[in-house]
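So the structure is just underneath, and the comments pick up after that.
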Amino acid sequence: MAQLSLKNCSRLRTKALQKLPVNLPFLQVIDLSGCMACTDEVLNLLGSSCPELRVLKVESCSLVTDTGVDGLCGDNGNPKCRKLREVNLTSTGITSHGIQKILVSQPDLQKISLAMTVSGEAFKLSSGCLSRSLKLSLVDLSYTSITDTFILSLCEICPVLCELTFNSCSSVTAVSLQYIASLMHLRALSIADNKAIKFHPHLVQFLAKSGNSLQMLNISGMENVDTEVLGRCCKSLKCLIMADCRNVIGSCTHVSTDQESKTLTLGQACPNLNTLNLHNCHFTQHKPLAEHLTAILCNSAGFQELDLSGIEHLSDEIIAQFIQSSILSKLRSINISWCCEISVEPVGLLLETCKGLTQLNLSHCQNISLRDAEHLRKMSRDNCHKPHITWV
């Protein structure tokens, strides 16, 4: 057996987990996430018995500590697992020592998730102990105590980093964006709920330099976001997450060339954008909500996943306008839950228009009843179209 997933098997006991490695010497992938009985001894046995291990996931295994990492990796005199490419240590008990051990001992490591680790401890990374650059392409440091100094070290020793996530890291400031701008291969950046990083001027300056290489950007919780800047600086975006943003300015993107000047919506300015999350966004009151959303959504053909849930005052008229002004042949999923002003009529029009729709979330839409939801399901079946419609 090369792969084994016991994710969320919470009833398994430690004794049972300890028997697995001995009987699986060719194991390459193991997922023990959510197995609360997973201990340091289990990792030690994996290190001793499974030298071919490539992927280790122990998310939410709170009994895993630095001792387990030491046992998994061994040392120079007694090397154990040295072929790891992906490690998920989210919500475990490891500290900076365990993290450094992983980084030093795994020359082929490409992905590491460390979210919600080393709580309350200074998060440190010493480049002096590394005689080489790391091959890491993905790093998740969300909800940790990392600092700007750590981000600097990370950028220096991980020159090929493609995906970086540090959501809700209260000790990280805008200075880190200057270091991140040096990552020439960065394609995905997630900095949700980092209060010390402002859209103006911090993120604007970063995007002006590095935005066009980004394919995914998560700026959830940020204030004073201007979609014109995103359209001008992030033309390669495929996924944009702006959940819970405040005072959003939904502005059209103005593009000028030697031949012409034109005004584009965000969807037009970013022609590869297929996933857009505007959950619970609050737009400025300088103009009507319809104008903000028009500047973002209209005349766009590429959307596949769209989240408009919780947007206050999202109405039938706005939804109808969006349907009429956009080519929705690619739309696969739309979430309009918690939109209390929407009724069943524009939703029916949406189903008739979006022939490829597979997911529709209408939860907590007060003007749509259970009977309405059943009617929509029947209408879809009659048209040989069966999207999954969620209604609560």
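Count residues from 1 along the sequence.
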Tell me, please, which residues at least two apart from Lys287 pass salt bridge (charged side-chain N to carboxylate O under 4.0 Å, His left out). none

Going by heavy atoms in the side chains, are Ser60 and Thr90 under 4.5 Å from each other? no

Linked, directly or transitively: Met222 and Ile241 (ILVMFWY side chains, under 4.5 Å): no

Do the non-hydrogen side-chain atoms of Glu86 and Leu138 ever get within less than 4.5 Å of each other? no

Of all heavy-atom pairs between His97 and Asp66, which one has the smallest distance, and what is that distance? CB-OD2, 3.6 Å

Would you indicate whether the side-chain heavy atoms of Lys355 and Ser329 approach each other to under 4.5 Å? no

Output a table of donor-acceptor pairs, distance under 3.5 Å, between side-chain atoms of residues 339-354 and any protein atom two or more places apart or on a different chain; print 'none' if there are none.
{"unit_1": "Glu341", "atom_1": "OE2", "unit_2": "His313", "atom_2": "ND1", "d": "2.9"}
{"unit_1": "Ser343", "atom_1": "OG", "unit_2": "Asp316", "atom_2": "OD1", "d": "3.4"}
{"unit_1": "Ser343", "atom_1": "OG", "unit_2": "Asp316", "atom_2": "OD2", "d": "2.4"}
{"unit_1": "Ser343", "atom_1": "OG", "unit_2": "Glu345", "atom_2": "OE1", "d": "3.0"}
{"unit_1": "Thr353", "atom_1": "OG1", "unit_2": "Leu349", "atom_2": "O", "d": "2.8"}

Say whether Leu264 and Leu217 are linked into one hydrophobic cluster, either directly or through other cluster members, by side-chain heavy-atom distances under 4.5 angstrom. no

Not counting sequence neighbours, which residues clear side chain to side chain donor-acceptor pair (under 3.5 Å) with Gln106? List them please. none

Which atom pair, heavy atoms only, marks the closest approach of Leu273 to Cys239? CD1-N, 3.9 Å

Tell me every residue that passes side chain to side chain donor-acceptor pair (under 3.5 Å) with Thr67, counting only those two or more places apart in sequence or in another chain. none

Return the minimal non-hydrogen interatomic distance between Leu63 and Met36, and the atom names on each side. CD1-O, 3.5 Å

With a 4.5 Å cut-off on side-chain heavy atoms, are Val55 and Lys57 touching? yes

Quiz question: by atom type and distance under 3.5 Å, do the side chains of Ser309 and His279 form a donor-acceptor pair? yes

With Thr265 via side chain to side chain donor-acceptor pair (under 3.5 Å) - residues at least two apart: Gln268, Ser300

Name each donor-acceptor pair under 3.5 Å that joins a side chain in residues 1-25 to protein atoms two or more places apart or in another chain, with its distance.
{"unit_1": "Thr14", "atom_1": "OG1", "unit_2": "Ala37", "atom_2": "O", "d": "2.8"}
{"unit_1": "Asn23", "atom_1": "ND2", "unit_2": "Lys19", "atom_2": "O", "d": "3.1"}

May I have the step-by-step check of side-chain hydrogen bond (donor to acceptor under 3.5 Å, both in side chains) for Asp40 and Thr65, ending in yes or no? CA-CA 6 Å; Asp40 290 335; Thr65 70; 2.5 Å; yes

Heavy-atom pair of closest approach, residues Gly310 and Asn280: O-OD1, 3.4 Å

In terms of hydrophobic clustering (I, L, V, M, F, W, Y; side-chain heavy atoms under 4.5 Å; direct or indirect links), are Val29 and Ile102 co-clustered? no

Can you tell me which residue pairs pass the ring-ring contact (aromatic ring centres under 6.0 Å, His included) test with a partner in residues 5-64, sequence neighbours excluded? none

For the NZ atom on Lys101, are there more than 12 heavy atoms of other groups (residues, nucleotides or ligands in this structure) within a distance under 6.0 Å? yes

With sequence neighbours excluded, tell me which residues meet side-chain contact (heavy atoms from CB on, under 4.5 Å) with Asp108. Arg85, Lys135

Using the test salt bridge (charged side-chain N to carboxylate O under 4.0 Å, His left out), find all partners of Lys195 that sit at least two apart in sequence or belong to another chain. none

Ignoring hydrogens, what is the shortest heavy-atom contact between Cys234 and Cys270? Give both atom names and the distance. O-SG, 3.2 Å

Could I get the full list of salt bridge (charged side-chain N to carboxylate O under 4.0 Å, His left out) partners for Arg54, not counting sequence neighbours? Glu52

NE2 on His292 to CD1 on Ile311, rounded to 0.5 Å: 11.0 Å

Per-pair distances, 0.1 Å, donor-acceptor, side chain in residues 180-190, under 3.5 Å, sequence neighbours excluded:
{"unit_1": "Ser182", "atom_1": "OG", "unit_2": "Tyr179", "atom_2": "O", "d": "2.5"}
{"unit_1": "Arg187", "atom_1": "NH1", "unit_2": "His185", "atom_2": "O", "d": "3.4"}
{"unit_1": "Ser190", "atom_1": "OG", "unit_2": "Asn167", "atom_2": "OD1", "d": "2.8"}
{"unit_1": "Ser190", "atom_1": "OG", "unit_2": "Asn167", "atom_2": "ND2", "d": "3.3"}
{"unit_1": "Ser190", "atom_1": "OG", "unit_2": "Asn218", "atom_2": "ND2", "d": "3.2"}

Should Leu230 and Phe199 count as side-chain neighbours, where that means a heavy-atom distance under 4.5 Å? yes

Do Leu306 and Phe322 touch side chain to side chain, with heavy atoms closer than 4.5 Å? yes

As a test of understanding, state which of Cys81, Pro79, Cys73 forms a side-chain contact (heavy atoms from CB on, under 4.5 Å) with Ser105. Cys73

I'd like to check Val64 versus Leu32 (side-chain heavy atoms, cut-off strictly below 4.5 Å). Are they in contact? no

If you define the side chain from C-beta out and look only at heavy atoms, does anything of Leu154 sit under 4.5 Å from Leu141? yes

Are Val139 and Met216 joined in one hydrophobic group, where the rule is that I, L, V, M, F, W and Y side chains link up if heavy atoms are under 4.5 Å apart? no

Any salt bridge (Lys or Arg N to Asp or Glu O under 4.0 Å) involving residues 356-376? Give me the pairs, sequence neighbours left out, ordered by first then second residue. Glu374-Arg377

Verdict with reasoning, Asn88 to Lys111, per side-chain hydrogen bond (donor to acceptor under 3.5 Å, both in side chains): CA-CA 8 Å; Asn88 189 335; Lys111 299 180 180 181; over 6 Å; no

Looking only at the side chains, is there a donor atom on one of Ser236 and Asn212 sitting less than 3.5 Å from an acceptor on the other? no

Is it the case that one hydrophobic cluster holds both Ile157 and Ile146, taking links as side-chain heavy atoms less than 4.5 Å apart, direct or via other members? yes

After noting the C-alpha distance and the side-chain angles of Ser315 and Glu317, does the key distance pass the side-chain hydrogen bond (donor to acceptor under 3.5 Å, both in side chains) rule? CA-CA 5 Å; Ser315 64; Glu317 291 76 17; 3.2 Å; yes

